[in-house]
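To keep things clear, I will list the structure first and then write my remarks on it.
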Amino acid sequence: MIHTMIVSFLESFKYIGHFYPIAFLRVYLGYFYLEQASFHYNGDFSIQPQLSEMINQWAPSSGAPGWYQDFLIQIVAEQWQFFSSAISVTEFLIGLSLVLGYLVRPFTVLAAFVAMHFLWISSPDQSLLYKTLIAVNLSLCWLGAGRCFGIDYYVYKKMRGWLW
């Protein structure tokens, strides 16, 4: 099995070689998410109510739907410790998926949702970053970026489907 994976990995250079820039972008974005997860895990994000403060300060003036603003203020802000940990774990899983190139499509959709939620609870200064992350993640999903320099190419050869 390991031999077949190595052969598939080397074949991905030949057949999907035009995706090199996309593979670089995928790995770089994966590193970004791993770095964010590390920053959130090791910093004050899980200890201090930073998430709650962000929500209370920026969510009421955001473009989020009213029902979602209520959800953020009444539930997420009150349970900030759980949601801070969930955000850190989610960012770690997204980063790991992008670096390895495994299950890139579902994890980039998840990353776009995470960026959309941060867009709604962050300051207007950071809105351009999160809008760009949404566009890049959806582009990586559409292109199937895990097929070049990633495990998805091997799995795609074995089981064709929309996930790979």
Side-chain angles (χ1 to χ4, degrees), residues 1-48 50-51 54-55 58 72 76 79-123 125-164:
M1 177 167 160
I2 298 289
H3 178 265
T4 342
M5 287 183 75
I6 292 171
V7 169
S8 294
F9 182 74
L10 295 173
E11 280 180 357
S12 74
F13 297 125
K14 180 178 177 183
Y15 295 114
I16 319 275
H18 58 283
F19 273 8
Y20 290 158
I22 300 298
F24 174 75
L25 179 64
R26 184 199 80 220
V27 172
Y28 180 78
L29 193 61
Y31 176 74
F32 170 78
Y33 278 109
L34 288 174
E35 192 174 60
Q36 287 296 311
S38 173
F39 174 73
H40 285 154
Y41 181 75
N42 295 326
D44 290 342
F45 194 71
S46 300
I47 301 168
Q48 301 291 325
Q50 291 179 1
L51 181 62
M54 287 170 53
I55 290 170
W58 298 110
L72 286 173
V76 177
Q79 304 293 326
W80 63 269
Q81 291 171 324
F82 169 76
F83 285 100
S84 296
S85 299
I87 288 170
S88 298
V89 169
T90 302
E91 287 177 335
F92 175 76
L93 292 174
I94 290 168
L96 190 64
S97 169
L98 291 176
V99 167
L100 295 176
Y102 183 64
L103 290 173
V104 170
R105 283 187 167 161
F107 275 101
T108 52
V109 171
L110 178 63
F113 279 119
V114 168
M116 181 180 60
H117 296 304
F118 269 108
L119 174 66
W120 286 338
I121 66 169
S122 296
S123 68
D125 299 345
Q126 296 177 335
S127 67
L128 184 60
L129 168 69
Y130 293 116
K131 288 177 183 177
T132 304
L133 282 176
I134 292 169
V136 169
N137 281 309
L138 292 178
S139 297
L140 290 177
C141 176
W142 179 34
L143 294 170
R147 293 184 196 166
C148 186
F149 294 125
I151 299 171
D152 280 352
Y153 184 78
Y154 169 74
V155 178
Y156 177 73
K157 283 180 59 177
K158 297 292 179 189
M159 301 178 288
R160 301 223 181 228
W162 64 273
L163 285 176
W164 323 108

Minimum heavy-atom distance between [X] and [Y], given as atom pair plus value:
{"X": "L100", "Y": "R26", "answer": "C-NH2, 4.4 Å"}
{"X": "Y31", "Y": "V99", "answer": "N-CG2, 3.9 Å"}
{"X": "S122", "Y": "M54", "answer": "OG-CE, 3.8 Å"}
{"X": "H40", "Y": "S88", "answer": "CB-OG, 3.3 Å"}

Please tabulate, for the side chains in residues 130-139, all donor-acceptor contacts under 3.5 angstrom to protein atoms that are two or more places apart in sequence or on a different chain.
{"from": "T132", "atom 1": "OG1", "to": "L128", "atom 2": "O", "distance (Å)": "2.8"}
{"from": "N137", "atom 1": "ND2", "to": "Y33", "atom 2": "OH", "distance (Å)": "3.0"}
{"from": "N137", "atom 1": "ND2", "to": "L133", "atom 2": "O", "distance (Å)": "2.8"}
{"from": "S139", "atom 1": "OG", "to": "A135", "atom 2": "O", "distance (Å)": "2.9"}

message: Whether the side chain of S97 engages the backbone of Y102 through a donor-acceptor N/O pair (distance < 3.5 Å, no angle test) should be reported.
response: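 Indeed, once roles are kept as given, a pair shorter than 3.5 Å links the two residues.
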
field: Spacing of CD1 belonging to I22 relative to CG belonging to L143, to within rounding of 0.5 Å
entry: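 I22 atom CD1 to L143 atom CG measures 5.0 Å (nearest 0.5 Å).
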
- prompt: Are any non-hydrogen side-chain atoms of I94 and T108 less than 4.5 angstrom apart?
  reply: no

- prompt: Do L98 and F107 have side chains that get closer than 4.5 Å, going by heavy atoms?
  reply: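 No, their side chains stay 4.5 Å or more apart.
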
query: Taking only residues two or more places apart in sequence, or in another chain, which ones meet N42 in a side-chain hydrogen bond (donor to acceptor under 3.5 Å, both in side chains)?
result: S38

message: Is it true that, when you exclude F118 itself, more than 12 heavy atoms of the residues, nucleotides or ligands shown sit nearer than 6.0 Å to its CZ?
response: yes

message: Counting only heavy atoms from other residues, nucleotides and ligands, does the tally under 6.0 Å from CD of E35 exceed 12?
response: yes

query: W120: what forms a ring-ring contact (aromatic ring centres under 6.0 Å, His included) with it, not counting sequence neighbours?
result: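 Result, ring-ring contact (aromatic ring centres under 6.0 Å, His included) vs W120: Y68.
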
Side-chain donor/acceptor pairs under 3.5 Å, residues 80-87, sequence neighbours excluded:
{"from": "S84", "atom 1": "OG", "to": "F45", "atom 2": "O", "distance (Å)": "3.3"}
{"from": "S84", "atom 1": "OG", "to": "W80", "atom 2": "O", "distance (Å)": "2.7"}
{"from": "S85", "atom 1": "OG", "to": "Q81", "atom 2": "O", "distance (Å)": "3.2"}

Contacts of type side chain to side chain contact (heavy atoms under 4.5 Å, CB included), residue F113, not counting sequence neighbours: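 Per chain and number, F113 pairs via side chain to side chain contact (heavy atoms under 4.5 Å, CB included) with V109, M116, H117.
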
